[in-house]
Visitor: 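Before we start, here is the structure in question, set down as structure tokens.
Given the structure is predicted, the values throughout are model-derived calculations rather than measurements. Computed from heavy atoms alone, side chains included, the values below leave out hydrogens, waters and symmetry copies.
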Amino acid sequence: MIKPLIQIKDLSKQFNDIYVFRGIDISIYQGQSLAIIGGSGQGKSVLLKCIIGLMPYDSGQILYKGSILNKTNKNKFINGLGVVFQGAALFDSLPIWENITFKFKYSRTHSWKERRKIAIQKLDLVELSKSCLDLYPSELSGGMQKRVGIARAIASNPKILFFDEPTSGLDPITSNTINKLIRGVIKELGVTAINISHDLNSIRMIADEVALLHHGKLNWTGTIDAFEKTKNQNVQEFISPNSTP
């Protein structure tokens with residue numbers, strides 16, 4: 001039997017006495033593209049932060065390659081991640097090439113020439129010209145900033161990519177372009193991807209598996225094809241919010 005690459009078991013998180021999510025069980029397999037969906041305030045982004053170690057969880061376990069994440073293997077797990085944050089989250093004071101290679105900024109293993117070379121390679125993957133190298137984030141459009149955010153996430157050739165609302169704040173045309181780009185990057189690099197989203201078009205274009213959070217619990221999981229056909233009421237409300245009574 002194939003073991004999950006990442007396994008989330010009975011995970012719970014609360015603030016004070018209020019649960020953000022409770023008893024979450026999700027298995028993510030090598031090469032899979034999973035969308036974790038749900039309405040606003042359902043705990044999607046908090047769950048992401050717990051998985052990547054930005055926020056502690058209260059109970060449950062996270063396993064990586066069959067082993068519980070702990071002090072021994074956590075760094076290896078984190079070093080193999082790439083994260084595209086909501087809003088791109090670029091450093092305004094750094095030029096684009098330094099934003100992309102920020103992970104290597106204080107590393108003795110990469111000279112500035114090597115970092116610029118990496119930046120050019122990753123810009124090409126996200127379909128941006130090397131003429132952007134020395135520009136600053138404020139000089140780029142929102143869609144271009146998103147592309148730079150993706151380039152930064154893949155700078156270290158990660159095995160797993162996390163996307164937190166990658167099309168947030170973009171117009172429909174630009175969102176569609178970014179979704180196609182993400183799908184292409186996932187295929188090109190052969191990575192495992194977890195996409196936190198409430199953008200239905202993004203889910204349809206990127207995901208092959210879907211997990212729905214509703215009122216802090218895992219309400220439905222399945223393939224993208226099953227997602228489109230299920231009679232689950234909460235999925236139906238997510239797909240057609242204005243058509244349900």
Visitor: As an exercise, state the distance from CD of Gln61 to CD1 of Ile8, rounded to the nearest 0.5 Å.
Guide: 12.0 Å
Visitor: Do Leu34 and Ile186 share a hydrophobic cluster (ILVMFWY, side-chain heavy atoms under 4.5 Å, transitive)?
Guide: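 As far as the 4.5 Å side-chain criterion goes, Ile186 and Leu34 are not connected within one cluster.
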Visitor: So, do Tyr57 and Ile62 sit near enough that their side-chain heavy atoms are less than 4.5 Å apart?
Guide: yes
Visitor: Is there a continuous path of hydrophobic side-chain contacts, each under 4.5 Å between heavy atoms, that joins Leu181 to Leu200?
Guide: no
Visitor: Mind telling me whether Phe227 and Phe238 have parallel, tilted or perpendicular rings, with 30° and 60° as the class edges?
Guide: perpendicular
Visitor: Is there a side-chain contact between Asn99 and Pro137 in this structure, where contact means two heavy atoms from C-beta onward sitting under 4.5 Å apart?
Guide: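 Result yes, sub-4.5 Å side-chain heavy-atom pair found.
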Visitor: Step by step, would you call Trp97 with Lys117 a side-chain contact (heavy atoms from CB on, under 4.5 Å)?
Guide: CA-CA 9 Å; Trp97 76 270; Lys117 184 178 180 180; over 6 Å; no
Visitor: Enter the distance from Ile239:CD1 to Glu237:CD here, rounded to the nearest 0.5 Å.
Guide: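 Reported value, rounded in 0.5 Å steps: 11.0 Å.
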Visitor: What's the spacing between Ile37 CD1 and Leu212 CG if we round to 0.5 Å?
Guide: 4.5 Å
Visitor: Should we say atom CZ of Arg183 is surrounded by more than 12 heavy atoms from elsewhere, each under 6.0 Å from it?
Guide: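 Yes, CZ of Arg183 has more than 12 neighbouring heavy atoms, counting only those of other groups under 6.0 Å.
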Visitor: A side-chain contact here means heavy atoms from C-beta on lying under 4.5 Å apart; do Ile52 and Ile78 qualify?
Guide: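 A side-chain contact under 4.5 Å is absent here.
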Visitor: How far apart are the C-alpha atoms of Leu213 and Ile24, what are their side-chain angles, what is the distance that settles it, and do they pass the side-chain contact (heavy atoms from CB on, under 4.5 Å) test?
Guide: CA-CA 9 Å; Leu213 291 184; Ile24 302 297; 3.6 Å; yes
Visitor: Within the structure provided, determine whether Tyr64 and Ile160 are in side-chain contact (heavy-atom separation under 4.5 Å).
Guide: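 Counting from C-beta outward, Tyr64 and Ile160 do come under 4.5 Å.
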Visitor: Between Ile28 and Gln32, is a side-chain contact (heavy atoms from CB on, under 4.5 Å) present by the stated rule, with each step listed?
Guide: CA-CA 7 Å; Ile28 305 162; Gln32 189 178 73; 3.8 Å; yes
Visitor: Which pairs count as side chain to side chain donor-acceptor pair (under 3.5 Å) when at least one residue sits in residues 154-180, sequence neighbours excluded?
Guide: Ser45-Asp164, Gln86-Ser168, Lys103-Ser156, Lys122-Asn157, Glu165-His198, Thr167-Asp199, Asp171-Thr174, Asn179-Ser202
Visitor: Is there a side-chain contact (heavy atoms from CB on, under 4.5 Å) between Leu189 and Ile154 once you walk through the steps?
Guide: CA-CA 9 Å; Leu189 300 181; Ile154 62 177; 3.7 Å; yes
Visitor: Distance check, rounded to the nearest 0.5 Å: Lys146 atom NZ versus Ile150 atom CD1?
Guide: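 Between Lys146 NZ and Ile150 CD1, I get 8.5 Å after rounding to 0.5 Å.
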Visitor: State, yes or no, whether a side-chain contact exists between Val84 and Phe162 at a heavy-atom distance under 4.5 Å.
Guide: no
Visitor: Within this structure, what is the CD1-CG distance for the pair Ile96 and Leu140, rounded to the nearest 0.5 Å?
Guide: 4.5 Å
Visitor: Between Asn79 and Asn75, is there a donor-acceptor pair closer than 3.5 Å when you use the side chain of the first and the backbone of the second?
Guide: yes
Visitor: I'd like to check Ile194 versus Leu161 (side-chain heavy atoms, cut-off strictly below 4.5 Å). Are they in contact?
Guide: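 The answer is no, as the side chains (C-beta and beyond) never meet within the 4.5 Å cut-off.
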Visitor: If only atom types and distance count, is the side chain of Ser111 paired as donor or acceptor with the main-chain N or O of Glu114 below 3.5 Å?
Guide: yes
Visitor: State the CD1-CG distance between Ile224 and Asp208, to the nearest 0.5 angstrom.
Guide: 8.5 Å
Visitor: Less than 4.0 Å between a side-chain N and a carboxylate O, is that true for Arg116 and Asp134?
Guide: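 Salt bridge: yes.
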